[in-house]
Enquirer: 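Have a look at the structure that comes next, please.
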Amino acid sequence: MQLIPCPWCGPREEAEFHYGGQAHVAYPEDPSALTDEEWARYLFFRDNPSGPFAERWSHSAGCRRWFNAVRDTRTHDLLAVYRVGEPMPEVTP
Amino acid sequence: MSSSAQPPGAHLPEHPDFLWDDTEPKASYDVVVVGGGGHGLATAYYLAKVHGITNVAVLEKGWLAGGNMARNTTIIRSNYLWDESSGIYEHSLKLWEGLEDDLGYPVLFDQRGVLNLAHSLQDVRDGVRRVNANRLNGIDAEWLDPAGVEEICPIVNTSPDVRHPVLGATYQPRAGIAKHDHVAWGYARAAHAMGVDLVQDCEVTGLETAGGRISAVRTSRGRILAGKVALCAAGHSSVLAKMAGLRLPLASHPLQALVSELLEPVHPTVVMSNAVHVYVSQAHKGELVMGAGIDSYNGYGQRGSFHVIEQQMSAALELFPVFARAHLLRTWAGIVDVSPDASPIVGLTPVAGLYLNCGWGTGGFKATPGVGHCFAHTVANDEPHPFNAPFTLERFTTGALVDEHGAAAVAH
Amino acid sequence: MTFRTPTGGSIDRNTLLRFTFDGRAYTGHPGDTLASALLAHGVHEIGRSVKLGRPRGVVAAGSEDPTSLVQVETPFSEPMLLATTVELYDGLEARGLSGQGRLSTEPDPARYDAKHEHCDVLVVGAGPAGLVAALTAARSGARVVLADEQNRAGGALLGVDEYLDDRPSAEWVADVVAELKSTPGVLVLERTTAFGMYQDGFVLALQKRTDHLGFAAPATAARQRVWRIRTRRTVLATGAHERPVVFAGNDRPGIMLASSARTFLHRYGVLPGSRAVVFTTNDSAYCAAIDLAESGVDIALVVDARPEAPARLAAECAARGVEVRAGHVVTGTGGAGRVTGAHVAPLGGAPGYPDSVVCDTVLVSGGWNPVVGLFSQARGRLRYDAGLGAFVPGEELPSVAVAGAATGELDLTACARQGRNAGAAAAAAAGFPSGGQVALPVSDSRCTARSGLVLWRVPGDEATSFVDLQRDATVSDVLRATGTGLRSLEHIKRYTTIGTAHDQGKTSGMIAAGIVAEALGVELAEQRPTTFRPPFTPVSFAALAGRDRGELHDPVRVTALHPWHVARGALFEDVGQWKRPRYYPEDGEDLHAAVLRECKATRQSVGMMDGSTLGKIDVQGADAGEFLDMLYTNVMSTLKVGRIRYGVMCGLDGMVMDDGTVIRVAEQRYVVTTTTGNAAKVLDWMEEWLQTEWPHLDVHCTSVTEHWATIPLVGPRSRDVLAAVAPGLDVSNEAFEFMTWRDTAVAGVPARVCRISFSGELAYEINVTAWHGIAVWEALMAAGEEYGITPYGTETMHVLRAEKGYPIIGQETDATVTPQDLGMAWAVSKKKADFIGKRSFARAENNRPDRKQLVGLLPVDPSVLLPEGSQVVETDRVPQPPVRMLGHVTSSYPSAALGRTFALALVRSGRERIGETVYVPVEDSLVPVTVTESVLYDKEGARRDG
C-alpha cells in the first residue's frame with residue numbers, strides 16, 4: 001500500500017484514494033467540432049508509459065479533493081504531487 | 001478431477017525430456033512475434049502449423065512464458081455475454097478441448113466447470129440473460145438456484161443469512177483450468193520442432209518502418225529484419241506500439257493473485273463472484289488459486305498493494321468459510337493491459353505488416369489457443385479472422401464497442 | 001527411551017503437558033515445540049513425502065524447516081503447520097501430513113484483527129544484530145518496533161550455550177529486552193513474523209497471540225493479529241538459515257541440520273539421537289559435535305569435506321574422543337525409516353567402497369544462507385557471494401538496511417556492530433541523533449562459519465539425492481530439467497517444482513541454483529535468482545480477513561424507517577449496500593400474491609413506500625444551473641424555483657449513467673436525486689468535473705441522502721391522505737401542480753413535498769428529516785387507514801413503473817444504452833451547445849437503425865410470464881447456433897392493472913417492430929410475443945392528476 005502525499009492533507013494510505021488516470025487531458029473546447037477520430041482519442045486513448053506518468057488522484061475518503069501526481073509506473077514511486085491547475089513539476093525518476 | 005485416494009501431485013504427468021534449444025536470433029525473419037508468452041507462442045505455433053510459415057522468431061525479453069502466463073489463475077471459460085466475445089472464446093474453448101492431442105503435451109485441461117455467482121436480483125437477471133445468450137450461441141450454460149450451486153460446490157456458503165447471499169449462479173460445465181507452464185511449454189516445444197526460433201533475453205527496443213511498412217525490430221541482441229511483426233506483449237503493448245508511433249486505448253495495471261499450500265480436494269469447480277470480488281479454484285496439486293480485481297493505478301512494477309489481497313481474503317471467506325485456516329503461501333502480480341470496453345484489440349494497425357494483439361486485461365489465458373489461431377490467420381493473410389474481426393482498433397472511433405463490463409464484469 | 005537431557009534448556013520441567021501425535025499420547029513441557037517434544041521421545045518420523053511417500057522427519061528447528069508438516073486438530077483443526085513452530089500446550093492433538101493438509105468443515109470460532117502502527121525504525125529480527133539495532137535506535141528517542149517470529153528474543157543465541165562478555169547470552173538478551181521494553185515509544189512484538197515488505201515503509205507482520213495457549217486461549221482475544229506497520233526506516237536483521245549438502249539418501253528422518261540439533265539441545269534440552277555422524281563443509285558444525293558429545297551423544301565421526309580440518313576444533317574433538325575425517329563426505333545413508341547408517345568416502349577420491357558408519361543421526365552443515373527474502377521483497381538486488389555460497393544483499397536501499405547474518409556476516413560482534421550502525425543510521429535518517437552508544441557483546445564461541453567450502457551436492461545416486469525434500473525433487477530432476485534445454489532458474493524451478501512448497505525453498509533454493517549452475521557450466525553470479533515473494537512464512541486466510549467478516553465485510557445501510565419494515569414483516573432486497581423492503585407479505589402470501597395486492601391497492605386507492613435510499617445531492621452556487629446543464633442531457637438552468645424536472649445523465653460515451661429528478665430549491669440551489677445504487681458514483685462524477693475541468697464554476701455539492709426520510713405516497717387517494725396530515729397545504733391540482741414542490745408541515749413536522757410520480761398515479765413524495773421519518777410514516781398510515789393504505793416494496797414499485805414504461809437504470813440499461821434507445825429523445829436537449837455525452841450521440845454506431853430500443857412485449861398467451869433475462873429471436877424456429885438475437889427481456893411481471901403479464905425488452909429496431917410478433921425461447925419452447933410500445937397503462941396520462 002502506497003503512502004500518497006495529498007497536497008491538502010499530507011501523506012495518507014493509498015486505500016483513502018481513488019485513481020483518476022492520466023492528468024492534463026482537457027475536455028475539448030468544442031466537442032462538436034471534432035471528428036469521430038479526434039473524439040475517440042479524447043474519450044479512450046491515453047498515455048500508458050513505463051516510467052514517469054502524470055496522473056490524477058482523488059482523496060476520496062479524506063478531503064475529497066482531486067490533485068495531480070507524477071508517479072514512476074515502473075517502481076510505483078510517487079515523484080511529485082501538485083494541485084489541479086498547477087503545471088506539472090520537473091521530476092527526475 | 002483429482003482423486004483423493006492418490007497422494008497429491010503424484011498423478012501429474014511429467015514434462016518431456018526435451019523442450020527447446022535456446023536460439024541466437026538470425027538476421028532476418030518472415031515474421032517476428034514480440035512476446036514469448038502464451039499468445040506469442042501459440043501465434044508462432046499456428047503460423048507454422050496452419051499457414052506453413054516457419055521462418056519465425058519469438059522474441060522474449062525475459063524467459064519464455066515468464067510474464068502473465070506464469071502469473072495467471074488459469075481459468076478457462078467461454079460464457080461471455082456478447083456474440084463477439086462468445087465467438088472467440090468458444091473458438092478457444094473448442095481448441096482447448098483438443099489441445100493435448102494437438103500439441104502432444106499434457107496441458108492438464110480439466111473441465112471442472114465454472115460457477116458465476118449472483119448476489120442481487122440484478123445479478124440474477126444478468127446471469128439468466130447471459131445463460132440464454134450463451135445457449136443460443138451454442139455454448140453450454142445453465143442457471144442454478146442456490147441448491148444447485150450447493151450441489152456443484154458444497155463448500156460455497158449458500159445460507160440466506162450472510163451479508164451477500166448466493167441467489168443463484170450461471171454454470172458452464174465445459175469450463176475449467178489448465179496448467180499454465182505445460183500449455184506454454186507445449187506450444188513452445190511444438191513451434192520449435194517446426195522450426196520457429198525461440199529467442200530469450202531479447203528485449204525489443206525499437207520498431208523500424210520504411211514507407212509505412214514495418215521493416216525491422218531493434219533488440220537488445222541486435223537488429224532483426226522482419227517481414228511482419230506481431231505484437232503479443234500484454235502489459236507492455238502500449239510501450240511497444242509507441243515504438244511504431246501508435247497510441248493505444250490501454251492502461252496497464254497490476255493484477256494480483258495468490259495460492260495456498262496443498263490441501264486435500266475440497267473445491268471441485270471454479271467459482272467466480274462479481275459482487276464479492278473473488279475467483280477461486282483448487283489447482284491440480286491441491287493448492288487454492290485465487291485472484292480478485294485489478295489494482296486501480298497504472299503500473300509496470302509487477303507488484304500490487306496488500307490491502308487488495310486482504311479484501312480478497314475477506315471476500316473469499318464470505319463465500320467459503322472453510323478456507324479460514326488455509327494459508328496464503330505466495331502472492332504475486334502481473335501487468336494487465338485493460339481496454340475501455342474490457343475486450344481485446346486484435347488485428348491490423350495503420351502500419352502495414354504490424355499486427356496487434358492486446359487489451360486482454362485479465363482474460364488472456366483462456367483465449368490462448370483461440371487468439372493464437374486467429375492472430376496467426378490475421379498475420380498470415382493480412383486480414384482478420386472472422387472471430388477477431390470485431391475486435392478492431394477502429395471500434396473506439398465508431399462506437400461499436402464490445403462492452404463486457406456490464407454483464408460479465410468479473411475479472412477473468 | 002527419553003532423549004531429554006537431565007538439565008538445561010528453556011523449558012519448564014516442573015510442568016507436564018499432555019499431547020497426542022498420530023493418536024499416541026506423549027508428554028512435554030512448557031517451552032517445547034511440538035517438534036522438540038516429539039524428538040524428546042525419539043519420534044523422528046513426522047509424515048510422508050508428497051510424491052514418493054517416503055518418511056520425512058525434522059530437518060531444522062525453526063520456520064525454515066521443509067518437512068515437519070502437521071495437522072493440528074485441537075482446539076481447532078488447522079492444516080500444514082510446522083511441528084517446529086507449534087508451541088506445545090496441554091491437550092494438543094496433531095498428526096503428521098503427507099504434504100497436504102485438510103480444511104475443517106466447521107466454522108472457525110477464533111477472532112482475528114489488525115492493528116496499524118507507525119514508527120520511525122522497524123527492526124525485524126531480535127537476534128544480536130536486531131537487538132543492538134533496536135536499542136541503538138531506541139536510545140536516540142525514535143519510535144521503534146522490534147518484531148521477531150520467536151516467542152522470545154535472542155535469535156541464533158537461543159540455540160547456543162555461548163557466553164557474552166562472560167555471562168550467559170540469555171542474560172545479555174534479557175537486559176537489552178528489558179531496556180527496550182522500558183523505553184517509551186518502543187514496541188517489542190514477540191511471535192510476530194514480518195511477512196511482507198511493501199512500498200513507502202509499509203510492512204506487514206503476523207502476530208500469533210494466543211495459539212500457544214491452546215485451550216486456555218481467551219475466546220474474546222484475537223488469536224492472530226496482522227500488524228500494518230508504516231515505518232520511516234527498516235533494519236532487517238533476519239539472520240541466516242543453515243543449508244544442508246545434498247547426498248544420496250539425504251531425506252531420511254534423523255538427518256538434520258547441525259545447528260538445529262544444537263538448538264534442540266540448548267533450547268529444549270533434547271538430543272537428536274544416540275549416535276551421530278556430523279557432516280560439514282565449515283567450522284560451525286564442530287560446535288554441534290562438541291556440544292552434543294558433551295551431552296552424551298556418541299559422535300561417531302565428524303566428516304569434513306574440506307581437505308584439512310581446522311586444527312583447533314579438531315583437537316577439541318580429539319580431546320572428547322571424536323574422530324574427524326577431513327576431505328571426506330557422506331555419500332549415502334541407510335535405513336528403512338529413520339537413518340541407521342552413513343556411508344563415508346573421500347571427496348572426489350578414488351572409487352572404492354565407502355565406510356559404513358552405524359548411526360541414528362546425521363547432522364549436516366553446508367554453510368549459511370542469509371535470509372534475504374524481505375530484502376528481496378523490498379526490491380533489493382541480490383549478489384552472489386562466492387565465499388559464502390549464497391546470495392546476499394547486493395545494494396543499499398534508501399530506507400531499508402540489512403544487518404547481521406542477513407548480510408552474510410557470521411561473527412557475533414561484527415553482526416552486533418552492523419546492527420548498531422544500522423540502528424543509528426536509521427534513527428538519524430528519521431531525525432533522531434545518537435542517544436548513547438550500545439556496547440558490543442563479545443562471544444566466547446569456538447566456531448565461526450566462515451572459511452567454509454561451497455559444496456552443493458555429493459556425487460552419488462541422483463534419484464535419491466533430494467534437493468527439495470518437501471516436493472520430492474531430486475538431483476535427477478534438476479539434471480533432467482537442464483537436459484531439456486531449459487536455462488533459466490525460473491524455468492527449472494517450474495519444471496522440478498523446487499522451491500514451490502510450503503517452505504518456499506528456504507533451505508533448498510540456493511542449493512538448486514548451485515546444482516543448476518554446475519550442470520549448465522555457468523557462474524552462479526550470472527544467474528538471476530528466483531524471486532522471493534510475500535509472505536515470508538504462510539499466513540492464514542482468516543488472519544488476513546481479520547474483522548472484515550460477515551456484517552463487517554461490507555457495511556449494511558438501512559433507512560430511518562427500517563425498524564418499521566422489519567416489524568411489519570417485510571422481506572428485503574439488497575440494493576448496493578442498502579436493505580430495501582421488497583414486499584410485505586400478508587398471511588402466507590408469496591411474492592406474486594403480495595405484489596398483485598400491493599399494486600392493486602396502490603392503483604385503486606393509496607399505497608406508500610420507503611424511498612429514502614434514493615441518492616440526494618444538494619447542489620449550490622451561482623453556477624449550479626450551468627453545471628447541471630452540462631451533466632444532464634436536458635436543460636436544468638431554466639427550471640423555475642419551486643419546480644421539478646426529470647433528468648438523464650450520460651457518460652462521455654453517450655450511454656445512460658443515471659437518472660432522477662432535479663428540484664430547484666432557490667435561485668442558486670438545486671437538490672438532485674440519483675438512483676439508489678449510483679448515489680456515490682454521481683457525487684464523485686460531479687466533484688470530478690467541478691474540480692478537474694471546471695474549477696472556475698461556483699458550485700458546491702453535498703450528499704444529503706441520509707438527512708432525509710423520503711416517502712412516496714401514491715394512488716388516487718393520496719391527495720386525501722396528504723390533505724389530512726398537511727392541513728396547511730393546498731393540495732388541489734391547481735394550487736399544487738404536477739412537477740412542483742412545496743415546503744409545508746406534514747404531521748406537524750417540517751416537510752418538503754414533491755408532486756412527482758414514478759407510477760403514473762397521482763403521487764406525492766414526502767421528505768422529512770430522517771429523525772421524524774417513522775413518526776410521519778405512521779401518521780400517514782393512520783391517515784390512510786380509511787382508504788386501506790398499503791405499504792409496498794421495490795417489487796411493486798417496479799411493476800407500477802414498468803406498466804408506464806419507465807426504465808430502471810441498471811435493469812433496462814447496461815452501459816450500452818442511450819437515452820434515445822430508451823425512447824427518451826424528449827429528455828435530450830437539441831438546444832444546448834454541449835453536455836456530457838452529446839458528442840458521442842453523433843458517432844456512427846449511435847445512428848444505426850438497428851440499435852436495440854426499449855419496447856413492451858405482450859406474450860400472446862396473457863398468462864405466460866417471460867423470465868427476465870430471456871433473449872428475443874426473430875423466427876418461430878430456433879436454428880442451429882449461433883442464433884441471431886434481437887435483444888433481451890429486461891423486466892417482466894404479472895400486472896393487476898392490465899389483467900395479464902407483460903414485459904419490457906431491448907429489441908433491435910424495436911420501435912419499428914411494434915405490432916410484430918417475435919419469439920422468446922423459454923426452456924425448450926418458443927413463446928410468441930407481440931411487440932408494443934413501452935407504455936402499457938394509462939397511455940394518456942389521465943391518472944397523474946388524480
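Order of the sequence lines fixes the chain letters, A, B, ..., with proteins taken first and strands second; residue numbering starts at 1 for each chain. Everything quoted here is computed from the prediction, not taken from an experiment.
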Enquirer: Of all of C/E551, C/Q880, C/R528, which one pairs up most often with chain B through heavy atoms under 4.5 Å apart?
Expert: C/R528
Enquirer: When you look at B/V166 and B/V156, which way does the side chain to side chain contact (heavy atoms under 4.5 Å, CB included) test go after all the steps?
Expert: CA-CA 9 Å; B/V166 173; B/V156 172; 4.0 Å; yes
Enquirer: Most heavy-atom pairs under 4.5 angstrom with chain B, which of C/H502, C/R487, C/R848, C/R48?
Expert: C/H502
Enquirer: As an exercise: rank B/T398, B/L329, B/V259 by heavy-atom pairs under 4.5 Å with chain C and give me the winner.
Expert: B/L329
Enquirer: Aromatic rings B/F18 and B/H192: how do their planes relate, parallel, tilted or perpendicular, breaks at 30° and 60°?
Expert: tilted
Enquirer: Check whether C/R223 gets within reach of chain B through its side chain, its backbone, both or neither, counting any heavy atom under 4.5 Å.
Expert: side chain
Enquirer: Given that the side chain runs from C-beta out, which part of C/H491 has a heavy atom under 4.5 Å from chain B: side chain, backbone, both or neither?
Expert: both
Enquirer: Name the option with the most non-hydrogen atom pairs under 4.5 Å to chain B; the candidates are C/G483, C/P107, C/G810, C/G196.
Expert: C/G810
Enquirer: Quick check on C/V226 against chain B: is it the side chain, the backbone, both or neither that has a heavy atom closer than 4.5 Å?
Expert: side chain
Enquirer: Can you tell which of B/V131, B/D22, B/L64 has the highest number of heavy-atom pairs within less than 4.5 Å of chain C?
Expert: B/L64
Enquirer: Who wins among B/E261, B/R125, B/E310 for the most heavy-atom pairs under 4.5 Å with chain C?
Expert: B/R125
Enquirer: Quick one: of C/M80, C/R379, C/E868, who has the most non-hydrogen atom pairs under 4.5 Å with chain B?
Expert: C/R379
Enquirer: Could you check whether any side-chain heavy atom of C/R549 comes within less than 4.5 Å of a side-chain heavy atom of B/L317, counting everything from C-beta outward?
Expert: yes
Enquirer: Salt-bridged, B/D341 to B/R395, with N to O below 4.0 Å?
Expert: yes
Enquirer: Could you tell me which portion of C/S891 (side chain, backbone, both or neither) has an atom closer than 4.5 angstrom to a non-hydrogen atom of chain B?
Expert: neither
Enquirer: Need one label for C/I808: side chain, backbone, both or neither, based on atoms under 4.5 Å from any heavy atom in chain B.
Expert: neither
Enquirer: Taking every non-hydrogen pair under 4.5 Å, which of C/P879, C/P921, C/P882 racks up the most with chain B?
Expert: C/P882
Enquirer: Between chain B and each of C/G550, C/A481, C/S870, count heavy-atom pairs under 4.5 Å; write down the option with the most.
Expert: C/G550
Enquirer: Checking C/R228 against chain B: side chain, backbone, both or neither under 4.5 Å from a heavy atom?
Expert: side chain
